[in-house]
Amino acid sequence: MRKAVVLLSGGLDSATVLAVARRDGFACHCLSIDYGQRHRIELQLAASQAKQQAAIEHRIVSVNLRAIGGSALTADIDVPEAGTAGIPITYVPARNTVLLAVCLGYAEVIGAFDLFIGANAVDYSGYPDCRWEFLNAFEALANVATKAAVEGNGHFSVHAPLLNLAKAEIVQLGTSLGVDYAQTLSCYDPTTTGEACARCDSCVLRRNGFIGAGVADPTRYQSVPT
């Protein structure tokens, strides 16, 4: 089995990507990043998903993006409700660049050349680092920036199997692969016990995905979504 590094956040998308990578025959080594996000309870759920889905290994690496701030997820800025125009303040500067770089280093250490990420460019918040332009550029970078690639040991590939799927399609796909969505969290501003706010952009996208898929939403909300 080919080794793959799966960036596992503990959210709906990354749990689905792990299931897709396993379906496609990869031996999955999962990496979660504690980057100082306010919704750090997702890291516990990432560990749960890795165990449920029989990952070969699950590591949590700390990279303190709170030290630079600039986002409602890494600074003392209120998380906005859904519907904000433009790229919202929940965008974390350079997050996917940093996270994929850590995954790339891990992949080089274990001899993997396939990186999986749950980026989505359909039902998402407009983040620039969730688009093909970014992912293609990072893949090109990986193949000129690593010893493994420049010595000809292999070619790095960045896989984003959910990129062009609507959230409802992602829910349907994950459900067909047996993903336990009760053990995921998508909320940007949950309680310390993991109850979702039901108001942020991520909560609304997730909720609409379950509705569109015709699948019961297992999310624990602080209040009943309208």
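Two residues are said to be in side-chain contact when any heavy atoms from C-beta on lie closer than 4.5 Å; K167 and D13 meet this criterion.
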Go through L7 and I33 one step at a time and tell me if the side-chain contact (heavy atoms from CB on, under 4.5 Å) criterion holds.
CA-CA 8 Å; L7 183 59; I33 311 294; 4.0 Å; yes

Evaluate the criterion side-chain contact (heavy atoms from CB on, under 4.5 Å) for residue pair V92 and Q37; output intermediate values, then yes/no.
CA-CA 9 Å; V92 180; Q37 63 269 49; over 6 Å; no

Derivation and outcome, side-chain contact (heavy atoms from CB on, under 4.5 Å), residues D24 and V20:
CA-CA 6 Å; D24 292 347; V20 169; 3.7 Å; yes

Step-by-step side-chain contact (heavy atoms from CB on, under 4.5 Å) determination, K3 to H29:
CA-CA 7 Å; K3 295 178 181 179; H29 296 252; 4.0 Å; yes

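Summarising the local packing, CG of D76 is surrounded by 12 or fewer heavy atoms from other residues, nucleotides or ligands at distances under 6.0 Å. Within a 6.0 Å sphere centred on CZ of R2, other residues, nucleotides and ligands contribute 12 heavy atoms or fewer.
In this structure, L45 is not a member of the same hydrophobic cluster as Y35, with clusters built from ILVMFWY side-chain heavy atoms closer than 4.5 Å. L73 and I60 end up in different hydrophobic clusters when Ile, Leu, Val, Met, Phe, Trp and Tyr side chains are linked at under 4.5 Å. When the side chains of ILVMFWY residues are joined at heavy-atom separations under 4.5 Å, either directly or via intervening members, L135 and L141 end up in a single hydrophobic cluster. Linking Ile, Leu, Val, Met, Phe, Trp and Tyr whenever their side-chain heavy atoms come within less than 4.5 Å puts I117 and Y127 in one cluster. Connection of Y221 to L205 is not established within any shared hydrophobic cluster, with ILVMFWY side chains joined at heavy-atom distances below 4.5 Å, either directly or through further cluster members.
Of the possible donor and acceptor atoms, none in the side chain of N143 sits under 3.5 Å from a partner among the backbone N and O of H155. Of the possible polar contacts, one joining the Q53 side chain to the A19 backbone as a donor-acceptor pair under 3.5 Å is found. Side chain of S202 to backbone of S186: a donor-acceptor contact under 3.5 angstrom is found. Here the side chain of N64 pairs no donor or acceptor atom with the backbone of G36 at under 3.5 angstrom. No donor-acceptor pair under 3.5 Å is formed between the side chain of Q183 and the backbone N or O of Q49. Side-chain atoms of R131 never come within 3.5 Å of backbone atoms of L163 as a donor-acceptor pair (strictly under, hydrogens ignored). D189 places no side-chain N or O within donor-acceptor distance of the main-chain N or O of V79, the cut-off being under 3.5 Å.
Annotation: side chain to side chain donor-acceptor pair (under 3.5 Å) contacts involving residues 132-142, sequence neighbours excluded, are absent. Residues in residues 157-178 take part in these ring-ring contact (aromatic ring centres under 6.0 Å, His included) pairs, two or more places apart or across chains: F26-H159, F116-H159.
Side-chain atoms of T175 and Y181 include no donor-acceptor pair closer than 3.5 Å. Defined by atom type and a distance below 3.5 Å, a donor-acceptor pair is missing between the side-chain atoms of S71 and R95.
Contact detail for S14 and G10: the closest heavy-atom pair is OG-N, 3.4 Å.
A salt bridge links R207 with D217: the closest approach of a Lys/Arg side-chain nitrogen to an acidic carboxylate oxygen falls below 4.0 angstrom.
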Validation: residues 99-112 side-chain donor-acceptor distances under 3.5 Å, sequence neighbours left out:
unit_1, atom_1, unit_2, atom_2, d
Y106, OH, E57, OE1, 2.7
E108, OE2, K147, N, 2.9
E108, OE2, A148, N, 2.8

